[in-house]
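Here is the structure we will look at.
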Amino acid sequence: MIHPPAATVARDAAAKPSKLFVLDTNVLMHDPSSVYRFQEHDVFLPIMTLEELDNHKKGMSEIARNARQVTRTLDEIVSSMDDAIDQGIELDEASRGLASGRLFLQTEAIASELPAGLPTAKADNQILAVVIHLQRQHPERSVILVSKDINMRIKARTLGLQAQDYFNDKVLEDTDLLYTGIRELGSDFWDQHAQGMESWQQDGHTLYRLKGPLCAQFLANQFLIQDGESPLHAIVRDASAMSAEIATLTDYTHSRNSVWGITARNREQNFAFNLLMNPEIDFVTLLGQAGTGKTLLTLAAGLTQVLESRRYSEIIITRVTVPVGEDIGFLPGTEEEKMGPWMGALEDNLEVLNQSDEDAGDWGRAATHDLIRNRIKIKSLNFMRGRTFLNKFLIIDEAQNLTPKQMKTLITRAGPATKVICLGNIAQIDTPYLTEGSSGLAYVVDRFKGWAHAGHITLQRGERSRLADYAAEVL
């Protein structure tokens with residue numbers, strides 16, 4: 001077989017026309033900078049997309065803010081073009097080198113060529129008509145509809161059009177590959193890494209400095225486990241290409257190390273406590289299905305460090321208010337009272353934590369409950385922009401329902417001496433257009449892995465009850 005010269009291959013690749021992506025409105029509202037995310041390919045915006053953006057720009061919701069941001073971005077791009085807008089606008093300068101394609105806006109009326117069953121007045125169908133027109137006008141190019149709406153993509157494919165989801169916001173295609181925070185060591189680990197090993201004691205922990213091939217793959221604050229005759233549970237303190245420093249853990253499964261009367265019931269809970277109680281770790285993410293103890297462990301660690309060791313001044317809890325069923329309408333009262341119905345999980349866990357002191361009696365427990373409630377503040381996400389939290393223990397519950405942009409807004413609220421904990425289960429996403437791969441929780445787990453002041457653990461075993469464990473497994 002004779003291979004063509006490299007120059008011929010390069011010339012053929014250059015001659016191959018770039019793709020033309022037609023953007024649905026929901027893509028722009030999901031990621032306001034999406035017009036810059038298609039590299040060398042061209043982007044086309046139908047007039048109906050601009051019309052829908054205009055309909056969504058009013059209000060203070062995240063969607064309205066994104067719609068206004070997109071409009072400002074498009075205004076900057078279009079303002080830079082004096083004439084011949086139908087020839088496309090170069091994106092290279094506006095995107096500061098991110099995109100090298102062109103932006104095309106619909107500059108002419110396009111006759112609807114849809115099947116008789118599809119109503120032409122509907123915005124989605126008008127966008128489909130534009131895609132059909134472009135496909136006929138450019139038979140040599142791939143014309144692809146990009147939409148977050150699954151039904152829209154199905155309709156496009158039934159009409160013989162190419163359609164795909166917006167992938168740029170996805171952290172991972174397969175969430176099974178998401179970082180778990182744990183690495184299992186092989187039986188030959190010590191044979192390969194024990195040569196020239198140093199060990200010493202520090203603050204009740206044994207530390208080891210190792211050299212070997214696996215050191216380059218270790219991440220800071222990753223947990224190492226090795227089962228066998230002499231099992232090892234350790235955390236990576238520092239890792240480089242040539243060496244790594246690992247330390248043994250505090251055993252929170254033992255009652256002498258209980259946190260607010262709570263002991264770890266399994267290996268992962270013990271790892272979580274080691275992250276939550278470590279003052280050097282500013283950011284912790286806990287993933288796990290219902291009943292793995294995410295909220296209980298976090299609250300126990302927070303109360304201990306607020307009321308006993310006084311490391312933080314108070315606990316602040318926030319969460320996304322996305323209902324599972326029908327919305328119950330407007331709620332009366334102050335910000336804290338409005339958030340009350342969403343904080344049932346907090347009350348349930350406080351009840352468990354309050355029962356942990358068996359010697360206190362009813363009066364003692366009531367007094368403790370009042371003291372605890374005075375140190376816990378419940379805040380709404382809507383009022384977070386512009387705030388700075390100093391010396392706080394900030395818990396973001398149900399974090400899987402946050403977009404990456406919302407997650408950034410929240411985490412950047414942290415001031416000096418503040419610890420941020422994100423809890424969630426990416427299998428239970430209630431926000432439209434968010435998937436397991438594009439959730440803000442998956443985003444921060446991936447971006448923060450390996451940072452010296454962040455830690456993550458995926459909790460595996462449910463500890464709620466045998467009924468809850470069985471239901472999670474079979475339903």
Side-chain angles (χ1 to χ4, degrees), residues 21-39 41-81 85 88-106 123-124 127 145-149 152 164-171 318 320-322 380-388 396 399 401-413 429 431-435 437-444 447:
F21 289 100
V22 182
L23 302 193
D24 193 4
T25 319
N26 48 50
V27 173
L28 294 167
M29 291 193 295
H30 180 74
D31 178 4
S33 62
S34 54
V35 287
Y36 298 145
R37 304 292 184 192
F38 293 90
Q39 297 169 336
H41 304 294
D42 294 341
V43 174
F44 188 97
L45 296 184
I47 204 76
M48 187 46 68
T49 295
L50 301 176
E51 193 69 30
E52 285 193 295
L53 277 177
D54 192 52
N55 293 338
H56 284 97
K57 71 183 180 186
K58 295 180 181 68
M60 295 304 296
S61 67
E62 187 75 14
I63 286 174
R65 275 193 285 267
N66 285 354
R68 291 193 292 272
Q69 178 63 49
V70 172
T71 309
R72 285 192 290 269
T73 303
L74 292 175
D75 180 48
E76 283 176 26
I77 297 170
V78 174
S79 301
S80 66
M81 187 78 177
I85 201 168
I89 306 166
E90 293 281 356
L91 291 173
D92 190 41
E93 193 176 327
S95 68
R96 294 173 177 81
L98 273 178
S100 56
R102 288 170 173 263
L103 172 67
F104 290 90
L105 300 169
Q106 185 183 335
D124 283 3
I127 293 171
L145 172 69
V146 182
S147 176
K148 299 292 295 177
D149 185 344
M152 177 85 154
Q164 67 181 43
D165 193 1
Y166 178 65
F167 295 116
N168 198 273
D169 61 333
K170 287 196 174 171
V171 180
T318 186
V320 193
T321 49
V322 182
S380 169
L381 273 176
N382 302 338
F383 311 113
M384 285 294 181
R385 211 177 277 273
R387 294 202 60 179
T388 303
I396 304 169
N401 288 320
L402 289 163
T403 65
K405 189 180 171 188
Q406 287 173 317
M407 191 65 91
K408 181 183 177 181
T409 302
L410 274 180
I411 297 171
T412 51
R413 302 302 101 220
I429 294 176
T431 307
Y433 301 134
L434 269 192
T435 62
S438 62
S439 163
L441 185 55
Y443 178 70
V444 292
R447 290 300 172 95

Would you say that more than 12 heavy atoms from the other residues, nucleotides or ligands in this model lie under 6.0 Å from the CD1 of I411, or not?
yes

Mind checking what makes salt bridge (charged side-chain N to carboxylate O under 4.0 Å, His left out) contact with R37, not counting sequence neighbours?
D31

For D42, the salt bridge (charged side-chain N to carboxylate O under 4.0 Å, His left out) test, sequence neighbours excluded, returns R141

Side chains of residues 44-54: which donor-acceptor pairs under 3.5 Å do they make with residues two or more places apart or in other chains?
{"unit_1": "T49", "atom_1": "OG1", "unit_2": "L23", "atom_2": "O", "d": "3.2"}
{"unit_1": "E52", "atom_1": "OE1", "unit_2": "T25", "atom_2": "OG1", "d": "2.6"}
{"unit_1": "D54", "atom_1": "OD1", "unit_2": "K57", "atom_2": "NZ", "d": "2.8"}

Going from OG1 on T318 to CD1 on I396, what distance comes out if it is rounded to the nearest 0.5 angstrom?
7.5 Å

For T71, check side chain to side chain contact (heavy atoms under 4.5 Å, CB included) against everything at least two apart and list the hits.
none

Nearest 0.5 angstrom please: L103 CG to Y36 OH, how far?
8.5 Å

What heavy-atom pair brings N66 and M29 nearest, and what distance separates the two atoms?
ND2-O, 2.6 Å

Could you walk me through whether L402 and S439 pass side-chain contact (heavy atoms from CB on, under 4.5 Å), step by step?
CA-CA 6 Å; L402 289 163; S439 163; over 6 Å; no

Can we say D24 and K148 salt-bridge, meaning some charged N sits less than 4.0 Å from an Asp/Glu carboxylate O?
no

Does V43 reach the side chain of R102, with side-chain heavy atoms less than 4.5 Å apart?
no

Once you round to the nearest 0.5 Å, how far does CD1 of I77 lie from OG of S95?
8.0 Å

Smallest separation among heavy atoms of P32 and T73, with atom names
O-OG1, 4.3 Å

Measuring from H30:NE2 to S438:OG, what's the distance to the nearest 0.5 Å?
5.0 Å

Going by the rule salt bridge (charged side-chain N to carboxylate O under 4.0 Å, His left out), which residues pair with R65 if we only count those two or more places apart in sequence or in a different chain?
E62

Just how far is it from atom CG of L28 to atom OH of Y166, taken to the nearest 0.5 Å?
9.0 Å

Using side-chain heavy atoms (C-beta onward) and a distance below 4.5 Å, is I89 in contact with V78?
yes

Those residues that, when tested against Q164, pass side chain to side chain contact (heavy atoms under 4.5 Å, CB included) (two or more places apart)
F21, I144, V146, F167

What heavy-atom pair brings L91 and V35 nearest, and what distance separates the two atoms?
CD1-O, 3.6 Å

Is it true that atom CZ of R72 has more than 12 heavy atoms of other residues, nucleotides or ligands lying nearer than 6.0 Å?
yes

In Å and rounded to the nearest 0.5 Å, what is the CD to NE2 distance from Q39 to H41?
6.5 Å

Kindly indicate whether the side chain of N26, heavy atoms from C-beta on, has any atom under 4.5 Å from the side chain of S147.
yes

